[in-house]
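Here's the structure we're looking at; comments come further down.
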Amino acid sequence: MFFASDNSGPVHPEILSAIVRANDGYAMAYGADRKMQQALETLKEVFEAPQAAVYLVSTGSAANALALATLSQPWQTVFCSPQAHIHQDECNAPEFFGGNKLTIVPGGDKIEAAALRSTISQEESRGVHGPQRGPISITQITEKGNVYSLKELHEITRVATDFGLLVHMDGARLANAVVRLGCSPAEATWKAGINAVSFGGTKNGCLQLEAVVLFEPEFAWEFELRRKRGAHLISKHRYLSAQLSTYLKDNLWLESARQANRNATRLAKALQERQIELVSEPEANMIFFRASRKLHQRLFEKGAVYHLWDGTIEGPKNELITARLVCDWSLSSSQLDAFAALF
Ligand SMILES: *Cc1c(COP(=O)(O)O)cnc(C)c1O
């Protein structure tokens, strides 16, 4: 009954055995191991991007902060949504690594093209005194579990192109979006005008693996330097390589995400059958629902673990509080049904 996040679950057994297999003998450090070369080639094939530069790090915050620092200058702003992980959940790491500032595009978790255009238009009006326009960062799937359609992605990147700006995608859960959209990873990213992706693994079965994919290779060397200077070049790198190659092999990354999305669909349906109010129909592996504090308290007492979104567990019993449930690949149907039965 652990729905706090999709990084609360176990490491996928195939990934864990790959790590154990990688533990045999010796290998060159810092990404010079043999597995790494193969894994990089596979990732570039997955994205149909032979020209891309790919680097591995161990946290999504590092991936985001280093990618955005590489795509921007210290005097620029990074445009993002009010819900963005880079804004809310990274302790200012993006500002720290990039030396720049974030500018919030008013609206919800999904950036809308019109709001983006007007926010960008307002920036740079103070000449040398003001912040200069920099990259746009969007999260796919969003922090609220929503999925940008390909059309919406194209609308955003068209705005970026109009202003000559780059676009970064925080893809901590990109896999969940790709299976939802039913498109290719290339269509979900560079073919939609995305310049760089933080490609998540940890929330989808890896131990600690995030890849940064830079579709323009001219950023490669700067990224390498920033990663090392930022203390994120992992020396026992073969364990990252092993995770990446197994994550991509036989589409394990897509299978895991498909299972996670299916789990959320099953749970959402079960909750709806119990007259629980969902904030919206789940599009990937997250469910937001509203219920009385009394119900949340009862679920917590029975051992359920999840985050309340807009309130605390103490307070008036009948007040409605929104909560978030995140499903990972590992949950079984019986676990889901047992949890739903508590409502
Ligand atoms: C989990 C997550 C990350 C990465 O977080 P770390 O804890 O740094 O690994 C980045 N972006 C989003 C949207 C996330 O949900």
Side-chain angles (χ1 to χ4, degrees), residues 2-12 15 55-69 71 78-98 102 104-105 108-111 135-148 153 156 167-178 180 188-189 194 196-213 226-227 230-232 234 239-240 243-244 247 253 256-257 260-261 264 282-288 306-307 309 324-330:
F2 218 107
F3 297 90
S5 186
D6 35 7
N7 50 16
S8 305
V11 174
H12 195 288
I15 304 260
Y55 300 100
L56 306 186
V57 291
S58 285
T59 73
S61 300
N64 286 340
L66 293 170
L68 285 167
L71 299 184
V78 174
F79 297 97
C80 66
S81 97
Q83 299 286 337
H85 198 273
I86 57 169
H87 173 50
Q88 299 227 354
D89 298 295
E90 298 184 0
C91 198
N92 298 357
E95 292 94 327
F96 175 68
F97 280 87
L102 304 183
I104 305 303
V105 179
D109 53 319
K110 264 192 201 176
I111 293 181
I136 297 144
S137 180
I138 59 173
T139 309
Q140 178 78 311
I141 65 172
T142 73
E143 292 76 3
K144 296 204 78 181
N146 294 312
V147 180
Y148 284 95
L153 291 179
I156 285 172
V167 187
H168 162 257
M169 177 179 274
D170 176 349
R173 299 186 179 90
L174 180 60
N176 304 82
V178 169
R180 164 74 188 201
T189 57
I194 305 296
V197 179
S198 303
F199 176 65
T202 310
K203 290 194 168 110
N204 195 27
C206 292
L207 173 63
Q208 27 77 283
L209 178 78
E210 312 286 315
V212 173
V213 186
R226 285 188 178 278
R227 179 178 60 167
H232 273 283
I234 308 294
Y239 301 95
L240 299 187
Q243 289 176 69
L244 180 62
Y247 189 50
W253 69 290
S256 289
N261 288 7
E283 297 185 349
N285 68 329
M286 280 184 211
I287 300 168
F288 285 81
Y306 55 84
H307 288 299
W309 209 252
R324 184 188 80 163
L325 304 172
V326 190
C327 296
D328 80 347
W329 59 275
S330 73

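All ligand and atom numbering here is 1-based and tracks the order in the structure.
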So what's ligand 1 close to, N/O to N/O, under 3.5 Å?
| unit_1 | atom_1 | unit_2 | atom_2 | d |
| --- | --- | --- | --- | --- |
| ligand 1 | 8 (O) | Gly60 | N | 3.4 |
| ligand 1 | 8 (O) | Ser61 | N | 2.7 |
| ligand 1 | 8 (O) | Ser61 | OG | 2.5 |
| ligand 1 | 9 (O) | Gly60 | N | 2.8 |
| ligand 1 | 11 (N) | Asp170 | OD1 | 3.2 |
| ligand 1 | 11 (N) | Asp170 | OD2 | 2.6 |
| ligand 1 | 15 (O) | Arg173 | NH1 | 3.1 |
| ligand 1 | 15 (O) | Lys203 | NZ | 2.7 |

Main-chain N/O of Tyr148 paired with Gln140 side-chain donor or acceptor, under 3.5 Å: yes

Polar side chain donor-acceptor pair, Thr202 to Asn7, under 3.5 angstrom: no

Under the side chain to side chain contact (heavy atoms under 4.5 Å, CB included) test, residues paired with Phe2 that sit two or more places apart: Ala4, Ser8, Val305

Beyond-backbone contact of Glu283 with Ile141, side-chain heavy atoms, under 4.5 angstrom: no

Ring geometry between Trp253 and Tyr247 (parallel below 30°, tilted from 30 to 60°, perpendicular above 60°): tilted

Tyr55 and His232, any side-chain heavy atoms less than 4.5 Å apart: no

